[in-house]
Amino acid sequence: MTIRTRFAPSPTGFLHIGGARTALFSWAYAKKQGGKFILRIEDTDVERSTPAAVQAIMDGMQWLGLDYDEGPFYQMQRIDTYKKVLQTMLDAGTAYYCYSSKEELEALRETQTLAGEKPRYDGKWRPEAGKTLPQVPSDTPPVIRFKNPQTGVVAWDDLVKGRIEIANSELDDLIIARNDGTPTYNFCVVVDDYEMGITQVIRGDDHVNNTPRQINMLVALGATIPQYAHLSMILGDDGQKLSKRHGAVSVMQYHEDGYLKEAVLNYLARLGWSHGDAEIFNMQQFCQWFDLDHITPSAAQFNTEKLNWLNAHYIKEATSDAISADITQRLAKLNVQVHAEPNLINVLNLYKERANNLNQLAKDIAYFYAVPVANAADVEKHLTDDIKPTLKTLAKQFSTIEWTAEAIHHEINLVVAQYGLKFPKVAMPLRVMLCGIAQSPSIDQVMNILGQKETLARISASLT
RNA sequence: GUCCCCAUCGUCUAGAGGCCUAGGACACCUCCCUUUCACGGAGGCGACCGGGGUUCGAAUCCCCGUGGGGACGCCA
């Protein structure tokens, strides 16, 4: 049997980090098994679903490279199918109409909660042999409920959490169609997972409690039960639950914030899953290694520091060519236009290995394309009056030499020796004059890439 | 409240009864490299939630606590 997994987000917001990991695991599992990965949009909540959210989710998946083999399927376009199945269940007696009003149910819940009981439907309209149902009210349109078994247990071997058993006595008859006739989540999931031939349902563990109900419905439909893998949640950096109000951000925000998708993917893969001591791996390796029995059942706390480390690794590993367009855009956002000279590739070659973020990288190299405003503290500390004569001598020499890093280095050494100084004594003021700050890569290499003309211009501007 | 789940360094994790004096990674600290800052290299600090069992032997299995989380919608 070929493996079929799905990612089934509801389009009520962007693709966040937890959703992205669920998608990643489902995707990787299908890849590993040579199966199919399906995208299904669960938009049956008309109130909250938006086309913008659908787009945001697809943008996120596209950025991460999580391509799907089938779909996207939209549940709202499958209403006819659901209605057909609903009718079948009504006919078979596995579902029934319920005329209890929302107010009535709310009151019921309140009483139960007050009495310390688990709130649940009381089965008022549930048909039983020999039971007389109440008079059907004329003014209340009915919902449809699933007739859940009342005895026995539902059990499944969760691929992440192990065997889970829940007594049917804990479950009530859930609503599978609203009083306007539209089907609800738990029902659509069941029909879709069944009809789409899903073999492994990989999803967040907030769905654990829905699973027994879904299994019961699957049984009622005579369907084969898929395997379930419930992923535990991802907590924020501070150990708190991620929510719209607290810390949950779109995966696209990571792009905005200067992260390479390779880093995000690698980080996410490693959050809750492991392959021995492997820390750094690409998606091809991940797809080869990925399996469901090395997933941690406990919640994982997001650690930005580690993501940063991975990001640094992947920036270092990327070719300058591969990131140059991205960096050009980020520089443009800083109002810095990249010119042909200094050559961006050379600049990136020099700076790549010291960066751990693309935005930071862009910021760090901006001085190559726009004369920097020197940091006052650095000027005061390094560009002192007593060093200026030396710098003037140096500038004069610089104008005469062949412009290579070696020659520049050699020239600095000569002047340094001439004045009886140490190398940093002139390297630091040069940094301040050329870069605006006292930290940079080797100053001779910086000068080499900056170019002779620009270097001399900046030095002379600083010394007058 | 009821049901369900979870529990190894600060964090992510390895660990399938003896390979564990508990391994790796991030972070942190020290040293080295050095032309500043980074990068890199070498070290260091640091954990099995508690209590009972089972067993010759438990981080690993069982039970009970404790702590954390999730679910209990005509949301998904």
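Hydrogens, waters and symmetry mates play no part in the numbers below; they use all other heavy atoms, side chains included. Residue numbers start from 1 in every chain, and the chains themselves are labelled A, B, ... in the order their sequence lines are given, proteins ahead of strands.
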Asker: Could you tell me which nucleotide pairs with B/G40 by Watson-Crick or G-U wobble geometry, both distances under 3.5 Å, or answer none if nothing does?
Answerer: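 Here B/G40 is engaged in a pair, and the nucleotide opposite it is B/C32.
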
Asker: Going by the rule salt bridge (charged side-chain N to carboxylate O under 4.0 Å, His left out), which residues pair with A/Asp173 if we only count those two or more places apart in sequence or in a different chain?
Answerer: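 A/Arg126.
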
Asker: Give a yes/no on whether any side-chain N or O of A/Thr113 is located under 4.0 angstrom from OP1 or OP2 of B/G1.
Answerer: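 Indeed not, no polar side-chain atom of A/Thr113 lies that close.
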
Asker: Taking the same atom, P, in B/U66 and in B/G50, what whole-Å distance lies between them?
Answerer: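 Straight-line distance between the two P atoms is 16 Å.
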
Asker: Quick check, are the ring centers of A/Phe302 and A/Tyr267 under 6.0 angstrom apart?
Answerer: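 Ring centres of A/Tyr267 and A/Phe302 closer than 6.0 Å.
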
Asker: Which parts of nucleotides 2-9 of chain B does protein reach within less than 4.0 Å, heavy atoms only, written one letter per nucleotide 5' to 3' as B for base, S for sugar-phosphate only and - for none?
Answerer: BSSSSS--

Asker: Sort me out a list of protein N/O and nucleotides 17-23 of chain B N/O pairs below 3.5 Å, or just none if empty.
Answerer:
from  : atom 1 : to       : atom 2 : distance (Å)
B/G23 : N2     : A/Asp277 : OD1    : 3.1

Asker: In whole angstrom, what separates A/Gln214's CD from B/A71's P?
Answerer: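 Answer to the nearest Å: 15 Å.
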
Asker: Give, ordered by number, those residues of residues 303-311 of chain A having at least one heavy-atom distance below 4.0 Å to an atom of RNA chain B; if nothing qualifies, reply none.
Answerer: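 Those residues are A/Asn303, A/Glu305, A/Lys306, A/Trp309.
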
Asker: Over how many whole Å does the gap from A/Gln445 atom CD to B/U34 atom P extend?
Answerer: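 Those two atoms, CD and P, are 16 Å apart.
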
Asker: So, does A/Lys316 get its side chain near the phosphate of B/G40, meaning an N or O under 4.0 Å from OP1 or OP2?
Answerer: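 Yes, within the criterion.
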
Asker: Between B/U13 atom C1' and A/Asn266 atom CG, what is the distance in whole Å?
Answerer: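 Going from A/Asn266 (CG) to B/U13 (C1'), I get 14 Å.
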
Asker: Would you mind reading off the distance between A/Tyr74 atom OH and B/A76 atom P, rounded to a whole angstrom?
Answerer: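 One finds 17 Å between P of B/A76 and OH of A/Tyr74, rounded.
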
Asker: Are A/Asp80 and A/Lys83 within salt-bridge range, i.e. N to O under 4.0 Å?
Answerer: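 A salt bridge is absent here (no side-chain N lies under 4.0 Å from a carboxylate O).
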
Asker: Just the rounded figure in Å: distance from P of B/U36 to CE of A/Met447.
Answerer: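 Value for this atom pair: 17 Å.
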
Asker: Regarding A/Asp172 and A/Arg213, does a basic nitrogen lie under 4.0 Å from an acidic carboxylate oxygen?
Answerer: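 Between A/Arg213 and A/Asp172 there is a salt bridge, with a charged N closer than 4.0 Å to a carboxylate O.
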
Asker: Should B/U55 form a Watson-Crick or G-U wobble pair with both distances under 3.5 Å, which nucleotide is its partner?
Answerer: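 Per the H-bond distance test, none.
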
Asker: Please state how far atom NE2 in A/His382 lies from atom C1' in B/U36, giving the value in whole angstrom units.
Answerer: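 For the pair A/His382 NE2 and B/U36 C1', the rounded distance is 7 Å.
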
Asker: Does the cation-pi check pass for A/Arg78 over A/Tyr74, that is, NZ or CZ under 6.0 Å from the six-membered ring centre and within 45° of its axis?
Answerer: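 No cation-pi geometry.
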
Asker: Do the ring planes of A/Phe290 and A/Trp273 sit parallel (below 30°), tilted (30 to 60°) or perpendicular (above 60°)?
Answerer: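 Correct class here is tilted.
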
Asker: Could you give the CH2-to-C1' distance, from A/Trp273 to B/A14, as a whole number of Å?
Answerer: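 A/Trp273 atom CH2 is separated from B/A14 atom C1' by 13 Å.
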
Asker: Phosphate oxygens OP1/OP2 of B/U35: is one of them under 4.0 Å from a side-chain N or O of A/Arg431?
Answerer: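 No, outside the criterion.
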
Asker: Between A/Phe73 (CZ) and B/A76 (C1'), how many Å, whole number?
Answerer: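 Spelled out: CZ on A/Phe73 to C1' on B/A76 is 19 Å.
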
Asker: Is the shortest distance from a Lys or Arg side-chain nitrogen in A/Asp291 or A/Lys32 to a carboxylate oxygen in the other one below 4.0 Å?
Answerer: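 A/Lys32 and A/Asp291: not salt-bridged.
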
Asker: Near RNA chain B, under 4.0 Å by heavy atom, which residues of residues 344-351 of chain A?
Answerer: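 The answer is none.
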
Asker: Is the backbone N or O of A/Val154 less than 3.5 Å from a side-chain atom of A/Asn168, with the two atoms forming a donor-acceptor pair by type?
Answerer: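 No, because the side chain of A/Asn168 does not come within donor-acceptor range (under 3.5 Å) of the backbone of A/Val154.
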
Asker: Return the nucleotide paired to B/C3: Watson-Crick means purine N1 to pyrimidine N3 with N6-O4 or O6-N4, wobble means G-U with N1-O2 and O6-N3, both under 3.5 Å.
Answerer: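 Across any shown strand, B/C3 pairs with B/G70.
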
Asker: With sequence neighbours excluded, tell me which residues meet salt bridge (charged side-chain N to carboxylate O under 4.0 Å, His left out) with A/Arg120.
Answerer: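 For A/Arg120, no residue satisfies salt bridge (charged side-chain N to carboxylate O under 4.0 Å, His left out) once neighbours in sequence are set aside.
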
